[in-house]
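Position 1 is the first residue of the sequence, and the numbers go up from there. First listed ligand is number 1; within each ligand, the first listed atom is number 1.
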Amino acid sequence: MMRKISDVLKEKERTYSFEFFLPRTPKGRNDLYGTVDVLKDLKPDFLSVTYRADQANRGLTTEIVDEFQESFGIPTMHHLTCVGHTEAELNAIIDKMREKNICNILALRGDPPQGVEHWEPTPGGLEYCYQLIELIRSRDDFFTIGVAGFPEGHIDSPDKETDSRYLKTKIDAGAEFVITQLFFDNRDYFGYVERLKRIGVSVRIIPGILPVTDYRKLLRFCQSLGSNIPQRVHDIFKPLDGDAEATYKAGVQFAVEQCNELLEGGAPGLHFYTLNKADLVQRVFEEIKR
Ligand code: FAD
């Protein structure tokens, strides 16, 4: 059986992992294998592949996760969302994962399809992530389950305390670790960890890191996520807008400093949002004090 992330966490004080988004084209899929082929040499503890529930992509995450595990021998976490699925469909996907020896799941509610203002769960489906965890746990203990966490609070949450309580609901339902949304101010991460500790959450909170490659893309991306961009980030990257080489250098420097400060402050590893590119993450990874 492929290693469970829960076993890796028991063995190692810190883990390093790489996330890949689901490619949109056959070329993108092909390029992705080249990216992982480079990043595998950094010996990550696990990889992860995102999920999209739209009809065209059903089954694609499972296929790619299976191929990564077969080709690279690295545990690969399958993201899975409630959005767009009935409970019966979710059970069928989970059956398929089991058949393929995929035992690590990042359980998510998922983002509503673009343009939908008031999202309603699919009839016969699930509304919140904790229900997906309950569904997985009601079967057996084959799976290790991770969940998403939001150091700044989720965009739809009324406040950070409520958001933390909902996170605890996911842990109480059986999730074993947390991977955070990207953030650029480490005080958000450390404050989050403290808040969760106060309400009895003791699982690992692994910070999610996005090295900056493009100022304008960053603005759009953070707006869609509802993530804050601190003034310091604007000050560094705005004057470099349009200069890819200078942005790259500053992106490496910023991410290395951010990662070092997180690790020195006790973060139990790092999870990199690679955007399916090897180069920048590789540079950052090689420069941080692990
Ligand atoms: P939930 O925990 O269910 O929370 C959703 C909302 O409901 C929040 O506002 C929460 O505060 C509120 N809530 C939670 N529980 C309750 C409750 N009991 N009562 C009332 N309100 C409640 N999206 C994808 O589509 N595919 C991916 O592959 C993907 N990967 C991701 C990976 C990471 C590391 C992260 C951080 C996010 C990822 N997302 C992905 C985005 C994620 O699906 C969205 O941010 C989604 O809006 C929230 O998902 P969740 O699992 O945190 O949902």
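Heavy-atom neighbours of Gln231 CD from other residues, nucleotides or ligands within 6.0 Å: above the threshold of 12. By the 6.0 Å contact criterion, NZ on Lys160 is enclosed, its count of non-hydrogen atoms from other residues, nucleotides or ligands being greater than 12. With a 6.0 Å radius and a threshold of 12 heavy atoms from other residues, nucleotides or ligands, Arg139 has its CZ atom above the threshold.
Using a 4.0 Å cut-off between charged side-chain N and carboxylate O, Glu264 and Arg290 make no salt bridge.
Heavy atoms of His79 found under 4.0 angstrom from ligand 1 belong exclusively to the side chain. Under 4.0 Å from ligand 1, not a single heavy atom of Phe21 appears. Contacts of Lys170 with ligand 1, taken as heavy-atom pairs under 4.0 Å, involve the side chain alone. Of all the heavy atoms of Val147, none lies under 4.0 Å from any atom of ligand 1, so neither backbone nor side chain is involved. Both the backbone and the side chain of Leu108 come within contact range of ligand 1, each with a heavy atom under 4.0 Å. Counting heavy atoms under 4.0 Å from ligand 1, residue Tyr128 touches it through both backbone and side chain.
Distance check on atom 4 (O) of ligand 1: every protein heavy atom falls at or beyond the 4.0 Å cut-off.
Inclusion of Gln181 in the set of residues having an N or O under 3.5 Å from an N or O of ligand 1 is not warranted. Here's the thing with Ile179: none of its N/O atoms is less than 3.5 angstrom from an N/O atom of ligand 1. Considering backbone and side-chain atoms alike, Thr180 places every N or O at 3.5 Å or more from each N or O of ligand 1. Between Cys129 and ligand 1, an N or O atom pair is found at a separation short of 3.5 Å. Residue-to-ligand polar distances place His154 within reach of ligand 1: an N/O pair is separated by less than 3.5 Å.
In this structure, atom 11 (O) of ligand 1 lies nearest to the protein heavy atom Ser157 OG, 2.8 Å. Residue, atom and distance of the protein heavy atom nearest to atom 46 (C) of ligand 1 are Gly110 O, 3.4 Å. Here the heavy atom of the protein found nearest to atom 19 (N) of ligand 1 is Tyr166 CE2, 3.4 Å. The protein atom (non-hydrogen) at minimum distance from atom 35 (C) of ligand 1 is Ala148 CB, 3.6 Å. Counting only heavy atoms of the protein, atom 34 (C) of ligand 1 lies nearest to Tyr273 OH, 3.2 Å. Protein heavy atom in closest approach to atom 6 (C) of ligand 1: Arg109 NH1, 3.8 Å.
Near Asp156, the atoms of ligand 1 lying under 4.0 angstrom from a non-hydrogen atom of the residue are 9 (O). Applying the 4.0 Å criterion to heavy atoms of Thr81 picks out, from ligand 1, the atoms 24 (C), 25 (O), 26 (N).
Judged by distance alone, with hydrogens and angles left aside, the side-chain atoms of Asn260 form a donor-acceptor pair with the main-chain N or O of Lys289 at under 3.5 Å. Panel note: side chain Arg29, backbone Arg24; no donor-acceptor pair is recorded below 3.5 Å.
A perpendicular orientation is assigned to the rings of Phe68 and Tyr33, their planes being inclined by more than 60° (bins at 30° and 60°).
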**Request:** For the pair Phe18 and Phe285, evaluate ring pair (Phe, Tyr, Trp, His ring centres under 6.0 Å) and give the outcome as yes or no after the intermediate values.
**Result:** CA-CA 11 Å; Phe18 300 131; Phe285 195 77; 5.7 Å; yes
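Using a 4.0 angstrom heavy-atom cutoff, Leu106 counts as in contact with ligand 1.
Cation-pi geometry between Arg216 and Phe237 is not met: the NZ or CZ atom fails to fall both under 6.0 Å from the ring centre and inside 45° of the normal. Remark: Arg109 is not positioned above the aromatic ring of Tyr128, lacking an NZ or CZ atom under 6.0 angstrom from the ring centre and at most 45 degrees off the axis.
Taking only non-hydrogen atoms, the option from Tyr130, Tyr51, Phe150 nearest to atom 28 (O) of ligand 1 is Tyr51. Here the shortest heavy-atom distance to atom 44 (C) of ligand 1, taken over Thr50, Asp111, Val178, Leu22, belongs to Asp111.
Proximity of the aromatic rings of His85 and Tyr51 is defined here by a centroid distance below 6.0 angstrom, and this criterion is met. A centroid separation of 6.0 Å or more is found between the aromatic rings of Phe21 and Tyr273.
Using a 3.5 Å distance cut-off with no hydrogens or angles, the side chains of Tyr130 and Asp172 do not pair a donor with an acceptor.
The CG atom of Asp279 sits 12.0 Å away from atom OG1 of Thr274, with the distance rounded to the nearest 0.5 Å.
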